[in-house]
Every structure is written in structure tokens, then in C-alpha cells.
Amino acid sequence: MPHAIDLTKPTHTRSFRRNLLTWYREHQRSLPWRKTRDPYRIWVSEIMLQQTRVAAVLEHYKRFLKKFPTVRHLAFATEAEVLAAWSGLGYYRRARMLHRAAKLVATERSGRVPQTAAELRILPGIGRYTANAIASIAFGEPVAVVDGNVERVLERLLQKKLSGEIVWRTAQALLDLTSPGDFNQAMMELGATICIPGVPLCYDCPIKKQCASRGMERKEPPIPGKRMRRSSSLLLVRRRDAILLQQRAHNERFMPGMWELPEAASEIAREPLLRVKHSITTSDWSVSVFSGPVPRLALKTHLVPLAGVSQLPITGLTRKILRKLNLLS
DNA sequence: CAAGCGTGGCC
DNA sequence: TGGCCAAGCTT
């Protein structure tokens, strides 16, 4: 009968680290941010990966770094350029804060990215997780990370709820001090590919012998949150190779300054060009897109050449619609 | 500390 | 089809 891990026993923690790291080195996914130690590139990846799927990040990461290859390139870009490169990734506040932080690094640190978790933590958009991730992966600082994956892995491993500071202490106690970057990524990789939400794939788990809840079902707390269903009508105005876009006010709380299709009058009776479903944060939208004339009260609208649309920070919904209509690659 | 912030892919 | 997320941070 295998025994569950006891964090106070060095033989247990050693065995855990070895098994996890060996597994990680054999099974890790090949990802672009794992092929570099450039702190700026790792920083960008960590911000993009916040609450965002790897597949979605992959599409944007390469393009973003081609456009902004160094922290200085990013710092000297305009916010609109940065948001345009971020378009589709969501959580645009991340891009604004990354841009602000890059400006700080460029102007106050001669473009040198901070090399410790404590200094990284000061930059806008970098919290405890991100600071520790960059410091451990790029600089080998022995600081543990806790994200959704790590928390789930640890709670299953020890079969108990670990709240607040306790999770961080636990992660730190397990951390491999000689390869903190690989260890942190290994914990997250395990959570993302083996110790997944719902039913975990324990058969393939490298540390199952030490896991207290191995193979046991756990009931995830059901979240009641029901999203609101709403509908809207948008207008597609096309003049030769240009379309009409409208910029959201800069003082909007939600996606300020970003570009989208103007609203159509609600009483349009014709059939829409297109219907799309779109979910954002708290609402599920059913959107109808009509072709039509320039609306009378169109504030802050501009006729934008199709070739220039990709340079603008457009919302994800706008991107989705224009792609469906083959107006955007 | 809970709420708010976006999106596209998956089962 | 549609509910459920995914390498968090800020307020």
C-alpha cells in the first residue's frame, strides 16, 4: 500500500520533486515561451496566459513579439498599437498595464527588466503569481507559484482544502530549490494535462503513489452564476473597401477606446446579414448584423479602410463578425 | 474579499 | 448546442 506524502519527511518531498521533474522533462508540451530565458518574453507569455487558454495565446504571442521584440519597442509603441496586437485575447486591462509597466522599465530602468520577484511585483499587472513565475523561470529564484492548477493539484495531493496563505506555504515547502522554474511549470503542466478539473487522469500521474485522494471523485462546488441573455443589433456600413467603425468612449469602464460596429436602430425589420452568439463576462449576447445606411446619430464613427482594420484595437465581437463576413483575415 | 474584467475552444 | 472554463490582477 503506497503512502500519501508527508511534507515533513525529506524522503517524501525529495521523491515527489524527482518524479514530477522527470515526468515534466519527458512530457512537457513544446511551447515558444519555454524556448527562451529572455525575461521580457517570459513576462509577455505570463501576462497573456492569465485566465487564457494556451491555444489562444499561441496565436497572439508570436505576432506580438515580432511587433514588439524588446521591452523598449513595447514602451515606445502607442497604446492603440498594443491593443490592436492584443485584440481577441480579452482582458484588455492586461495589455494596458503591460504597456505601462514597459514604459516604466524603459524610462526608469534603462530597459532592464527587474530580476527579483520583489521588484517585479511592483510593476503594474504583476501580482504574486506572475512575479514568482518570471523570477523562477527567467532567473532561477526559488519562489513557488500558485495558480488555479497548483491549488487543485495540492488540494488533491493532501486531500484537504488549502486556503489563502496556506496554499502558498505548501507550494513553497514542496518547491525544488535547484530547478524552481521547471518545478513551477511542472506543477502547472500536471494540473493542465493530468490533474485536470473534473475527473483527473490518475493512471498517467507521475506522483500518484504519494497522492492522498488518488482516483477519488471529488465534487466541485457548483457555481450558480447564470449569465444574462441579451440581444443587440449592429450595423455594417460598407463604402467600397471601407467600413464604418465607432470608437468607445475613453471613460467607459468596459473596453474603453476600443473600436466596434455602430448600433443599428432596433426597429429594423429586414433579415440580418448575419447572426452571431457572443459571450462576455456576465452576458450571453445574440447579435444581429444588418447592412444599412449611415446612422443619423453616429457619434465618433469613422470610415476605416478594410486594410487598416487590423491596426485598430477592435473588440473580439467585432473581429468575429468581420471574419465571418470575410472582411478580415 | 468579492466582484469585475473577454474570449474561443471544448465536451 | 451551450455551459464551463484558463498560467490572475485590481479595486
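Scope of the values below: all heavy atoms of this structure, side chains included, with no hydrogens, waters or symmetry mates. Reminder, nothing fancy here: chain letters follow the sequence lines and each chain counts from 1.
The nucleotide whose nearest atom lies closest to any side-chain atom of Arg94(A) is, among dG8(B), dG4(B), dG6(B), dG6(B).
Between the Arg128(A) side chain and the Trp168(A) main chain, no donor and acceptor come within less than 3.5 Å of each other. Between the side chain of Asp147(A) and the backbone N or O of Gln50(A) there is no donor-acceptor pair closer than 3.5 Å.
As rounded to the nearest Å, dC9(C) and dG8(B) have P atoms that lie 23 Å from one another.
Of the N and O atoms on the side chains of Thr318(A) and Arg323(A), not one donor lies less than 3.5 Å from an acceptor on the other residue.
Grouping the Ile, Leu, Val, Met, Phe, Trp and Tyr side chains by contacts below 4.5 angstrom, directly or via other members, places Ile166(A) with Leu174(A).
Contacts of Trp33(A) with the nucleic acid, taken as non-hydrogen atoms under 4.0 Å apart, include base atoms. Across all strands, Met97(A) comes closer than 4.0 Å only to sugar-phosphate atoms, never to a base (heavy-atom distances). Heavy atoms of Ser45(A) sit nowhere under 4.0 angstrom from any nucleic acid atom. Within the nucleic acid shown, Arg34(A) comes within 4.0 Å of at least one base atom, counting heavy atoms only.
When rounded to the nearest whole Å, the span between CE of Met255(A) and P of dG4(B) equals 16 Å. Atom-to-atom, CZ of Arg323(A) to P of dT7(B) comes out at 12 Å; the value is rounded to the nearest Å. Between Ile134(A) atom CD1 and dG8(C) atom P the separation is 13 Å, expressed in whole Å. For the pair Arg248(A) CZ and dC5(B) P, the interatomic distance rounds to 10 Å; values are reported in whole Å. At whole-Å resolution of the value, CZ in Arg152(A) and P in dG8(C) are 10 Å apart. Whole-Å rounding puts the Ile196(A) CD1 to dA6(C) P distance at 9 Å. The interatomic distance linking Tyr129(A) (OH) with dG8(C) (P) rounds to 6 Å, in whole Å. Going from atom CG of Leu123(A) over to atom P of dT10(C) covers 10 Å, rounded to whole Å.
Applying the ring-ring contact (aromatic ring centres under 6.0 Å, His included) definition to pairs two or more places apart or across chains, those involving residues 302-328 of chain A are Trp259(A)-His302(A).
Contact of Thr52(A) with dG6(B) (side chain to base): a donor-acceptor pair of N or O atoms is detected under 3.5 Å.
Ion pairing between Glu59(A) and Arg53(A) fails under the 4.0 Å rule for side-chain N and carboxylate O.
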Protein-nucleotides 9-11 of chain B N/O pairs under 3.5 Å:
from   : atom 1 : to       : atom 2 : distance (Å)
dG9(B) : N2     : Arg53(A) : NH2    : 3.4

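Applying the 4.0 Å criterion to OP1 and OP2 of dT7(B), one finds that Tyr92(A) has a side-chain N or O inside that range.
Under the 30°/60° scheme for interplanar angles, the aromatic rings of His27(A) and Trp23(A) are found to lie parallel.
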